[in-house]
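First up is the structure itself, then whatever we jot down about it.
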Amino acid sequence: MDRTGQVVGEKYRLVRLLGEGGMGAVYEAQHTLIGRRCAVKFLHAEFARQPEVVTRFIREAQAASSIGHRGIIDIYDVGRTPDGAPYLVMEFLEGISVGKLLEGGTPLPVKTAAEIVAQALSALLQAHRHGIVHRDLKPDNLYLVQAPGAPPLVKVLDFGISKMTVASEQQQKMTQTGTVLGTPTYMAPEQAAGRTDVDQRLDLYAMGVILFELLTGRVPFSGTNYNQVMFAILSEPFPSPRALRPDLPVALEAVVLKATAKNREDRYPDAEAMLQALAPFLDPAALVRLGMNPDEAAPFRSPPPGAPTPTAPSSGPDPTEAPAAPVSTAMVQLTEHTAGLSPARRRAKAWTVAALATLVVAVLVLFLWRPWSSSGSA
């Protein structure tokens, strides 16, 4: 049912439907008293009758609110409509999801991909410190929020199936042996196998898969159905990113492969370790925004002479050979991309403006000098 026009909680007027999925729908809303824009997320009626699903839904609000990180979406309120539909009131985000960004299948520049993942890891680090494992990380759950004059900020969404690592009795009943939750493409092997003793390394595996996709434009495992993908995750070796994109630095491929090791003991122990491994591929300004010291990060250097010619989009200028820009060059490029204007088109536009300016100056000089007027009076 379309709830547009309804007022829920006696103060949130639903303005328009933003999107609808298998489990619920999200509306843009406005607070009737203070005019604040927000988003309201509802569970579909068939799930609203399932206590375990409703508990997970409410846990999304509890988990997100307890973390308190700018990279985690804010939840303002929870409630139920008179017809019994549970809802969450969240901050309204303007921008684009990483999933939408990847729809064209075009690989991103190295520094852009690294910064998107690094920002998400920074938020996950705080979540993990609160004992919360997301368990459903995927490009659609990473949102690039755009603000005027600033590079995009990555927000992590949808903690609806998150797991508290210090589980209560009720939590344990909700995660019985054999239950598989999450999106199969980004599942760690232990999650695909239905294990319940998961920890934060499950999220790091998903971030490794997302980094692979950002760098190559494709997912590591695919199939015609859910079971084929699960089987591939459990049985096939993780593919080499450099086999698909030879210009990638060997060290960056190593980050992807370590994060996605089938044995979780071989992965990074925590989000901080993976974040530190990505630091050499970030601009100095990006490191500062993440609270990291640029002087402590070994910079990513350009490939040596004779290296294969890049076949994918350039990763931007080498920070060891040029002064750092006031903001991350990579994320500025991303801002241009999401705004629908590529860097090449911006350069072409700049040349056009410069040529027109030169023509205007020439006309003004001739008008003021007026050599034809002087020759006429001689």
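Along the sequence shown, residues are numbered consecutively beginning with 1. All values derive from a computational prediction rather than experimental measurement. Scope of the values below: all heavy atoms of this structure, side chains included, with no hydrogens, waters or symmetry mates.
- Asp83 pairs by the side-chain hydrogen bond (donor to acceptor under 3.5 Å, both in side chains) definition with Arg3, Thr81, not counting sequence neighbours.
- In this structure, Met90 is a member of the same hydrophobic cluster as Val54, with clusters built from ILVMFWY side-chain heavy atoms closer than 4.5 Å.
- Arg245 CZ to Ser240 OG: the interatomic distance, rounded to the nearest 0.5 Å, is 12.5 Å.
- In this structure, the side chain of Thr55 engages the main chain of Pro51 through a donor-acceptor pair within 3.5 Å.
- Of the charged side-chain nitrogens involved, at least one lies within less than 4.0 Å of a carboxylate oxygen, so that Glu115 and Arg289 count as a salt-bridged pair.
- Considering all non-hydrogen atoms of both residues, Leu234 and Pro189 come closest at CD2-O, 3.3 Å.
- In this structure Arg264 satisfies the side-chain hydrogen bond (donor to acceptor under 3.5 Å, both in side chains) test together with Asp197, sequence neighbours excluded.
- A cation-pi arrangement, defined by a distance under 6.0 Å to the six-membered ring centre and an angle within 45 degrees of its axis, is present between Lys258 and Tyr268.
- For Tyr205, there are no ring-ring contact (aromatic ring centres under 6.0 Å, His included) partners two or more places apart in sequence or in a different chain.
- Although no hydrogens or angles enter the test, the distance criterion places no donor-acceptor pair under 3.5 Å between the side chain of Asp203 and the main chain of Leu137.
- Contacts of Lys100 classified as salt bridge (Lys or Arg N to Asp or Glu O under 4.0 Å), with partners at least two apart in sequence or in another chain: Glu103.
- Side-chain atoms of Lys262 come within 3.5 Å of backbone atoms of Glu236 as a donor-acceptor pair (strictly under, hydrogens ignored).
- Taking both residues in full, the closest heavy atoms of Met292 and Ala279 are given as CE-CB, 3.6 Å, listed atom of the first, atom of the second, then distance.
- With a 4.5 Å cut-off on side-chain heavy atoms, Tyr186 and Pro139 count as touching.
- Put simply, the side chain of Gln191 gets close to the backbone of Arg135: a donor and an acceptor are under 3.5 Å apart.
- In the hydrophobic cluster analysis, where Ile, Leu, Val, Met, Phe, Trp and Tyr join through side-chain heavy atoms closer than 4.5 angstrom, Val117 is grouped together with Val219.
- For the pair Val156/Asn141, no side-chain contact is recorded, criterion being any heavy-atom separation below 4.5 Å from C-beta on.
- Taking the side chain as every heavy atom from C-beta outward, Ile210 and Leu214 approach each other to under 4.5 Å.
- Salt bridge absent: Glu213 and Lys138 never bring a charged side-chain N and a carboxylate O closer than 4.0 Å.
- For Ser222, the side-chain hydrogen bond (donor to acceptor under 3.5 Å, both in side chains) criterion is met by no residue, not counting sequence neighbours.
- To the nearest 0.5 Å, atom CZ of residue Phe57 and atom CG of residue Leu88 are 3.5 Å apart.
- Under the rule for a salt bridge (Lys or Arg N to Asp or Glu O under 4.0 Å), the partners of Glu91 that lie at least two apart in sequence or sit in another chain are Lys155.
- If you take CG on Asp2 and CG on Leu14, they are separated by 9.0 Å, rounding to the nearest 0.5 Å.
- Between Leu211 and Leu278 there is a side-chain heavy-atom pair separated by less than 4.5 Å.
- Evaluation of the side-chain contact (heavy atoms from CB on, under 4.5 Å) rule for Pro239 yields Phe212, Pro220, Phe221 as partners, not counting sequence neighbours.
- Other residues, nucleotides and ligands contribute more than 12 heavy atoms inside 6.0 Å of the CZ atom of Phe92.
- Using a 4.0 Å cut-off between charged side-chain N and carboxylate O, Arg267 and Asp199 make no salt bridge.
- Here the shortest heavy-atom pairing between Leu248 and Pro241 reads CD1-CB, 3.8 Å.
- You'll find the side chain of Met274 stays beyond 4.5 Å of the side chain of Leu124, heavy atoms only.
- Proximity of a side-chain donor or acceptor of Tyr143 to a complementary backbone N or O of Gly95 within less than 3.5 Å is detected.
- Leu142 has its side chain within reach of Met207: a pair of non-hydrogen atoms, C-beta onward, lies under 4.5 Å apart.
- Residues in residues 139-151 take part in no salt bridge (Lys or Arg N to Asp or Glu O under 4.0 Å) pair, two or more places apart or across chains.
- Following chains of ILVMFWY side-chain contacts shorter than 4.5 Å, one can reach Leu43 starting from Ile58, so the two form part of one hydrophobic cluster.
- The shortest heavy-atom contact between Val256 and Gly208 is CG1-O, 3.8 Å.
- Counting only heavy atoms from C-beta outward, the side chains of Lys41 and Asp158 approach each other to under 4.5 Å.
- Under the 4.5 Å side-chain heavy-atom criterion for Ile, Leu, Val, Met, Phe, Trp and Tyr, Val145 and Leu157 are members of the same hydrophobic cluster.
- Tyr12 is linked by a side-chain hydrogen bond (donor to acceptor under 3.5 Å, both in side chains) to Asp77, counting only residues two or more places apart in sequence or in another chain.
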Inset, instruction - Show the numbers, then the answer: is there a side chain to side chain donor-acceptor pair (under 3.5 Å) between His128 and Asp270? - result: CA-CA 8 Å; His128 294 165; Asp270 51 43; over 6 Å; no
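- Here the straight-line distance linking atom NE2 of His134 with atom CD of Gln200 works out to 15.0 Å at 0.5 Å rounding.
- Pairing each heavy atom of Ala48 with each of Gly84, the nearest pair is CB-O, 4.1 Å.
- No continuous path of hydrophobic side-chain contacts links Val7 to Val40 [ILVMFWY only; heavy atoms under 4.5 Å].
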Return a table of donor-acceptor pairs under 3.5 angstrom between the side chains of residues 28-39 and protein atoms on other chains or two or more places apart.
{"residue": "Glu28", "atom": "OE1", "partner": "Arg16", "partner atom": "NE", "Å": "2.5"}
{"residue": "Glu28", "atom": "OE1", "partner": "Arg16", "partner atom": "NH2", "Å": "3.1"}
{"residue": "Glu28", "atom": "OE2", "partner": "Arg37", "partner atom": "NE", "Å": "3.2"}
{"residue": "Glu28", "atom": "OE2", "partner": "Arg37", "partner atom": "NH2", "Å": "3.3"}
{"residue": "Gln30", "atom": "NE2", "partner": "Gly35", "partner atom": "O", "Å": "3.4"}
{"residue": "His31", "atom": "ND1", "partner": "Leu33", "partner atom": "N", "Å": "3.1"}
{"residue": "His31", "atom": "ND1", "partner": "Ile34", "partner atom": "N", "Å": "3.4"}
{"residue": "Thr32", "atom": "OG1", "partner": "Lys11", "partner atom": "O", "Å": "3.3"}
{"residue": "Arg36", "atom": "NH2", "partner": "Tyr76", "partner atom": "OH", "Å": "2.9"}

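- Scanning for salt bridge (Lys or Arg N to Asp or Glu O under 4.0 Å) contacts around Glu10 gives an empty result, with sequence neighbours left out.
- Shortest non-hydrogen contact noted between Thr260 and Val209 is CG2-N, 3.7 Å.
- Checked against Lys111 for a side-chain contact (heavy atoms from CB on, under 4.5 Å), the options Ile116, Leu282, Asp283 give a single hit: Asp283.
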Inset, instruction - Go through the steps for Leu144 and Leu153 under the test side-chain contact (heavy atoms from CB on, under 4.5 Å), then give the verdict. - result: CA-CA 5 Å; Leu144 296 166; Leu153 169 67; over 6 Å; no
Inset, instruction - Check the pair Val53 / Glu46 against side-chain contact (heavy atoms from CB on, under 4.5 Å), numbers first and verdict last. - result: CA-CA 10 Å; Val53 176; Glu46 59 268 32; over 6 Å; no
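- Taking Ile, Leu, Val, Met, Phe, Trp and Tyr as hydrophobic and joining them when side-chain heavy atoms fall under 4.5 Å apart, one finds Val15 isolated, its cluster having no other members.
- The closest donor-acceptor contact from the side chain of Gln126 to the backbone of His69 lies at 3.5 Å or more, if one exists at all.
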